[in-house]
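Structure first, then comments.
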Amino acid sequence: MNADQPLPRELKTVDSATLFRLEQRARDLGLSQRLDVTWVRANAQPGGTHHLWPAFWHELSHRQDIPRQLRCELLITLGPGVHVRSLLDVLPADFTPLPRVTTREEGLCVARLADRAPSVREWLLRQGEGEGAAAPP
């Protein structure tokens, strides 16, 4: 991959099945930013819509077998009106085909939700589940 390749500037929409697949792939590849797949399956709204947008390129310099990843910000829908923020490393080949948000209004709505959403860690603490319940392995 070209080191000068620009960061994609697309907001992607994923359903829960796709989110589970992306989290599982990140776990299988040993990528740095991911959530515990079991936690995601137990907490993400089954019919929910979740959003990803690239923050920066990330490389595992000690793992030449793994290509650069997009470190994405992730907005997970847990239920009606309940969202949490996290990070997820995604390979470009997995990111590119995901459906993208096509309207400015939807993008602004997602941005407002993300601004108000707690991190997974903050949400867990509020729920009394304590530290580390959703920490990446």
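- Residue Arg25 holds its CZ atom at 13.5 Å from OG1 of Thr18, rounded to the nearest 0.5 Å.
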Check: residues 100-113 side-chain donor-acceptor pairs under 3.5 Å, at least two apart:
{"from": "Thr103", "atom 1": "OG1", "to": "Glu106", "atom 2": "N", "distance (Å)": "3.1"}

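- Two residues are said to be in side-chain contact when any heavy atoms from C-beta on lie closer than 4.5 Å; Trp123 and Val82 meet this criterion.
- Rounded to the nearest 0.5 Å, atoms CG (Leu52) and CZ (Arg71) are 13.0 Å apart.
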- Task: Check the pair Thr13 / His50 against side-chain hydrogen bond (donor to acceptor under 3.5 Å, both in side chains), numbers first and verdict last.
- Result: CA-CA 6 Å; Thr13 300; His50 318 283; over 6 Å; no
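- Residue Gln24 holds its CD atom at 11.5 Å from CG of Leu19, rounded to the nearest 0.5 Å.
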- Output, in order, the C-alpha distance, side-chain angles, deciding distance and verdict of side chain to side chain contact (heavy atoms under 4.5 Å, CB included) for His51 and Leu11. CA-CA 7 Å; His51 294 88; Leu11 173 61; 3.9 Å; yes
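- Interatomic distance, SG of Cys72 versus CD of Gln33, reported as 11.0 Å (0.5 Å rounding).
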- Given side chain to side chain contact (heavy atoms under 4.5 Å, CB included), test Leu98 with Leu22 step by step and report yes or no. CA-CA 11 Å; Leu98 297 173; Leu22 291 170; 4.1 Å; yes
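- The heavy-atom pair separating Phe95 from Glu10 by the smallest distance is CZ-O, 3.7 Å.
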- Task: Please step through side chain to side chain contact (heavy atoms under 4.5 Å, CB included) for the pair Leu124 and Trp39, ending with a clear verdict.
- Result: CA-CA 11 Å; Leu124 286 170; Trp39 185 89; 3.6 Å; yes
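- Closest non-hydrogen pair, Arg68 versus Pro92, comes out as O-CD, 3.3 Å.
- Of the candidates Asn43, Thr38, Val37, Val37 is the only one forming a side-chain contact (heavy atoms from CB on, under 4.5 Å) with Arg41.
- Classification of Arg85 and Glu122 as a salt-bridged pair holds, one side-chain N sitting under 4.0 Å from a carboxylate O.
- Cluster membership check: Val40 shares its hydrophobic cluster with Val14, using side-chain heavy-atom separations under 4.5 Å among Ile, Leu, Val, Met, Phe, Trp and Tyr.
- Rounded to the nearest 0.5 angstrom, Trp53 CH2 and Leu7 CG are separated by 13.0 Å.
- There is a path of hydrophobic side-chain contacts, each under 4.5 Å, that joins Val90 to Trp57.
- Separation of atoms CZ (Phe56) and CG (Leu70) is listed at 10.5 Å; rounding is to 0.5 Å.
- Nearest heavy-atom pair, Gly47 versus Ser16, reported as atom, atom and distance to 0.1 Å: N-OG, 4.2 Å.
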- Take Glu23 and Leu74 through the test side chain to side chain contact (heavy atoms under 4.5 Å, CB included) and record every step on the way to the result. CA-CA 11 Å; Glu23 290 282 1; Leu74 170 63; 3.6 Å; yes
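- Hydrophobic clustering (ILVMFWY, side-chain heavy atoms < 4.5 Å, transitive): Val120 and Leu78 are in one cluster.
- A salt bridge does not link Asp89 to Arg34: none of the charged side-chain nitrogens sits closer than 4.0 Å to a carboxylate oxygen.
- Between Leu35 and Leu88 the shortest side-chain heavy-atom distance does not fall below 4.5 Å.
- Remark: side-chain polar atoms of Thr49 are not paired, donor with acceptor, to backbone N or O of Asp15 under 3.5 angstrom.
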